[in-house]
There are 2 protein chains.
Amino acid sequence: MAATMKDLARHTGLGLATISSYFNGGNVREKNRIKIEQAIEELHYEVNEVARGLKTNATHTIGVVIPELNNTFCTEIITGMEDILRSRGYATIVCDCRTDAALEQEAIEFLTRKRVDGIINMPVDPAGSGLREFSKAGKPVILLDRRIQGLDCDCVLVDNRRAVNEAASLLFAQGHRNIGIISGPREIYTASERLKGYADAHKEAGIPVQESLICQGDYTIRGGVSGMISLIRRNPHMTAVIATNYEMTVGMMIAVNELGIRIPDELSLIGFDNLEFARACCPALSIVSQPTMEMAKETASLMLARLGVEGEASSGPEVKYLRTRLIGGRSVSGPLPGAEERKAVGGL
Amino acid sequence: MAATMKDLARHTGLGLATISSYFNGGNVREKNRIKIEQAIEELHYEVNEVARGLKTNATHTIGVVIPELNNTFCTEIITGMEDILRSRGYATIVCDCRTDAALEQEAIEFLTRKRVDGIINMPVDPAGSGLREFSKAGKPVILLDRRIQGLDCDCVLVDNRRAVNEAASLLFAQGHRNIGIISGPREIYTASERLKGYADAHKEAGIPVQESLICQGDYTIRGGVSGMISLIRRNPHMTAVIATNYEMTVGMMIAVNELGIRIPDELSLIGFDNLEFARACCPALSIVSQPTMEMAKETASLMLARLGVEGEASSGPEVKYLRTRLIGGRSVSGPLPGAEERKAVGGL
DNA sequence: TATCAAAACCGAAACGTTTCGGTTTTAGAA
DNA sequence: TTCTAAAACCGAAACGTTTCGGTTTTGATA
């Protein structure tokens with residue numbers, strides 16, 4: 001049915017190798033180039049990427065494994081990456097592993113069978129067992145947002161520790177002393193980093209961390225709701241709360257709404273991610289905003305470099321650290337009565 | 001490097017055809033089956049899907065083209081589809097076309113070059129020009145959420161007309177008489193259907209439609225904000241507003257927050273999609289909820305049937321119509337039916 | 001034990017590319 | 001015009017499958 005290079009060769013009277021050379025940037029005489037292009041037009045020829053893939057052992061496809069597709073943080077990054085990769089001829093196969101390490105492993109095996117040229121992973125399994133195998137085959141792996149102990153490959157990370165430190169420091173500066181935090185699962189890299197930032201801020205402010213103000217959430221909306229409720233129940237003196245990812249931020253807002261708590265009069269809040277959501281909250285929520293577009297760009301560039309498409313790939317693994325921004329809303333109360341002198345906190 | 005079927009043949013002393021037959025469900029004698037499986041184990045053999053694809057002319061890959069990845073309605077559906085398709089061995093390549101018909105066309109061409117076995121499309125271009133070509137090649141196309149005039153292929157739709165009719169009727173029943181609507185772009189199928197539902201409800205209630213209460217939005221957050229503001233400015237007597245997609249619902253909430261309007265005392269609201277967002281709003285928003293999971297399931301099943309993987313494919317094009325649900329919050333003045341449903345969902 | 005259909009097996013030829021050596025053509029210098 | 005290095009070109013052999021005819025083996029029956 002569809003025309004092949006053989007047809008082009010016959011039609012133009014040229015050899016198969018010449019046709020191939022034409023498509024692969026080799027040297028072809030002007031008049032032959034014209035002949036070939038004419039033939040392509042007439043026969044509606046289109047190169048068969050599958051056949052090419054068989055020969056070159058490259059599929060021009062890259063796999064992306066993430067914990068949840070239904071998560072703006074993930075989709076914002078994927079949108080950006082997909083855009084860049086597609087413009088370079090690479091297709092993106094996205095696998096949602098439902099935050100389940102076993103499914104993640106399966107997804108990686110699936111992608112390996114599909115012979116993707118590289119994998120980008122926001123890992124759920126802290127061991128990263130599936131990736132090692134893939135990586136051993138000499139194919140590039142890039143970790144997104146979370147590190148894996150003992151797997152040295154390229155990483156694109158966010159300075160989560162500093163991010164939460166900044167958020168908590170802002171609250172201290174506003175006079176808060178009992179700041180709750182809805183933290184994430186201990187075993188997840190970002191969650192533990194964020195909790196460290198919370199501790200850092202306390203240290204810097206010279207205020208001891210109280211265990212009862214730390215609530216171990218699970219990065220879900222439901223977890224955010226129950227986490228918020230238990231924080232409030234356990235800590236009558238608490239005047240502010242930080243939620244450490246988007247889902248739990250939504251959960252926190254749900255809880256606050258259902259309990260009828262007035263923000264920021266009764267409680268100050270700082271959330272995470274999704275500026276649009278923050279602005280739609282009542283009152284507008286102050287949040288830590290992650291640089292999703294830059295993450296996408298860095299990740300895609302790193303991948304393209306590793307694939308030898310463009311840019312230089314460094315010999316060793318590369319780690320990119322990106323910074324977050326604290327975006328002010330109306331959910332943090334001004335200096336509380338009795339607060340010490342306020343510190344200058346970057347133009348918020 | 002990697003073992004091939006030839007290696008298996010040599011290792012087992014069997015013929016190539018027998019090995020192939022083993023993998024394709026043909027008859028193989030017990031003792032040979034064991035021999036083959038042992039060889040697979042020893043040589044770590046894995047079938048090369050690319051080579052197989054060249055021979056069978058099938059890539060076991062399906063393309064999905066959507067207007068925005070960064071859109072819960074889309075991602076919820078994709079999550080469900082990807083799950084089902086992957087479990088049947090099909091990879092999903094998602095292309096985000098940024099709500100741009102030209103980019104959509106490009107995405108479809110890209111997928112055609114990648115030789116996907118089928119395309120699922122939530123179309124932006126009402127002409128669907130790119131799809132016709134693909135469809136003519138005998139490969140299945142399934143339209144999601146929106147119809148294309150004159151392209152008769154399988155569709156999975158939602159009864160949008162009835163959905164908005166129900167929403168408006170509810171408002172009428174609560175005594176509202178001046179109901180604003182933030183509508184979508186006229187050329188988009190769902191938008192025009194939703195507007196029809198709005199008109200239907202007026203007809204049924206015997207109340208004439210007022211042009212000034214209809215605001216033509218563009219399905220974006222920004223459009224929702226400005227649409228809401230202009231509606232309020234133009235209609236002092238308006239007591240309720242319906243936003244007709246998720247983004248504009250968010251926009252509507254932003255506007256309401258920034259203008260300091262009290263809900264539902266000064267204005268009643270009904271939004272669209274994303275139950276979680278609705279519950280996080282203050283007060284909880286009443287919304288029209290679309291059956292994204294069913295849409296995903298129907299679409300994937302339809303595709304698998306067309307691909308001959310499972311289920312029966314009907315000869316003619318199939319159109320699935322699914323129903324929405326109206327989920328009550330606290331954003332509509334007066335008592336709202338369906339309160340017990342909200343409780344059930346609210347059992348977080 | 002001989003017979004015979006069915007079951008199991010086999011090798012070779014595709015599928016549509018790229019690539020490897022080797023041959024021809026080109027065009028500038030002598 | 002002749003010579004020569006470089007530039008273009010060429011066909012055949014892969015890449016790892018599936019499939020097509022045709023051959024062998026099997027085991028139930030006579």
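Naming convention: chains lettered A, B, ... in sequence-line order (proteins, then strands); numbering from 1 in each chain. Being a predicted model, the structure only gives us computed values, none of them experimental.
Residue contacts for Ser20(B): at a heavy-atom cut-off of 4.0 Å it reaches a base atom on one of the strands shown. Residue Asn57(B) is out of contact with every strand shown, counting any heavy-atom pair closer than 4.0 Å. Residue contacts for Val28(A): at a heavy-atom cut-off of 4.0 Å it reaches the sugar-phosphate backbone alone, with no base atom in range.
The interatomic distance linking Asn24(A) (CG) with dA8(D) (P) rounds to 16 Å, in whole Å. For Tyr22(A) and dA7(D), the OH to C1' distance is 19 Å, given to the nearest whole Å. Between the CD1 atom of Ile36(B) and the P atom of dT17(D) there is a distance of 13 Å, given to the nearest Å. Remark: P of dT17(C) and CZ of Arg115(B) are 7 Å apart, rounded to the nearest angstrom. Counting to the nearest Å, the C1' atom of dA7(C) and the CD atom of Glu30(B) are 15 Å from each other. In this structure, Asn27(A) places its CG atom 18 Å from P of dT25(C), rounding to the nearest Å. Whole-Å rounding puts the Leu14(B) CG to dT25(D) P distance at 13 Å. At whole-Å resolution of the value, CG in Leu8(B) and P in dG16(D) are 12 Å apart.
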All N/O contacts under 3.5 Å from nucleotides 22-24 of chain C to the protein, with atom names and distances to one decimal?
none

Listing time: all N or O pairs from protein to nucleotides 13-15 of chain C that are below 3.5 Å?
residue: dA14(C); atom: N3; partner: Lys55(B); partner atom: NZ; Å: 2.7

Hey, can you pull the donor-acceptor pairs under 3.5 Å for the side chains in residues 121-129 of chain A, sequence neighbours left out?
residue: Asn121(A); atom: ND2; partner: Val65(A); partner atom: O; Å: 2.9
residue: Asn121(A); atom: ND2; partner: Glu104(A); partner atom: OE2; Å: 3.3
residue: Asp125(A); atom: OD1; partner: Ala127(A); partner atom: N; Å: 2.9
residue: Asp125(A); atom: OD2; partner: Ser129(A); partner atom: OG; Å: 3.1

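With respect to Arg115(A) and Glu49(B), no salt bridge is recorded, no charged nitrogen being found less than 4.0 Å from a carboxylate O. The pair Lys139(A)-Asp117(A) fails the salt-bridge criterion, with no side-chain N (NZ, NE, NH1 or NH2) lying under 4.0 Å from an Asp/Glu carboxylate O. Classification of Arg33(B) and Glu30(B) as a salt-bridged pair holds, one side-chain N sitting under 4.0 Å from a carboxylate O. Ion pairing between a basic and an acidic side chain is recognised when a charged N comes within 4.0 Å of a carboxylate O; Arg98(A) and Asp83(B) show such pairing.
If Arg29(A) and Ser21(A) are placed on DNA chain C by their nearest nucleotide, the residue sitting closer to the 5' end is Ser21(A). Residue Met5(A) is the one, among Lys31(A) and Met5(A), whose nearest nucleotide of DNA chain C lies closer to the 5' end (criterion: closest heavy atom).
Screening Thr18(B), Asn24(B), Leu16(B) for a side-chain contact (heavy atoms from CB on, under 4.5 Å) with Ser20(B), the sole residue that qualifies is Asn24(B).
Remark: Leu157(B) engages Arg147(B), Cys155(B), Tyr189(B), Val319(B), Tyr321(B) in a side chain to side chain contact (heavy atoms under 4.5 Å, CB included) (not counting sequence neighbours). Checked against ring-ring contact (aromatic ring centres under 6.0 Å, His included), Tyr219(B) has no partners two or more places apart in sequence or in another chain. Residues forming a ring-ring contact (aromatic ring centres under 6.0 Å, His included) with His11(B) (at least two apart in sequence, or on another chain): none.
Distances were taken from every side-chain heavy atom of Arg52(B) (C-beta onward) to each of dT18(C), dT17(D), dC20(D); the shortest belongs to dT17(D).
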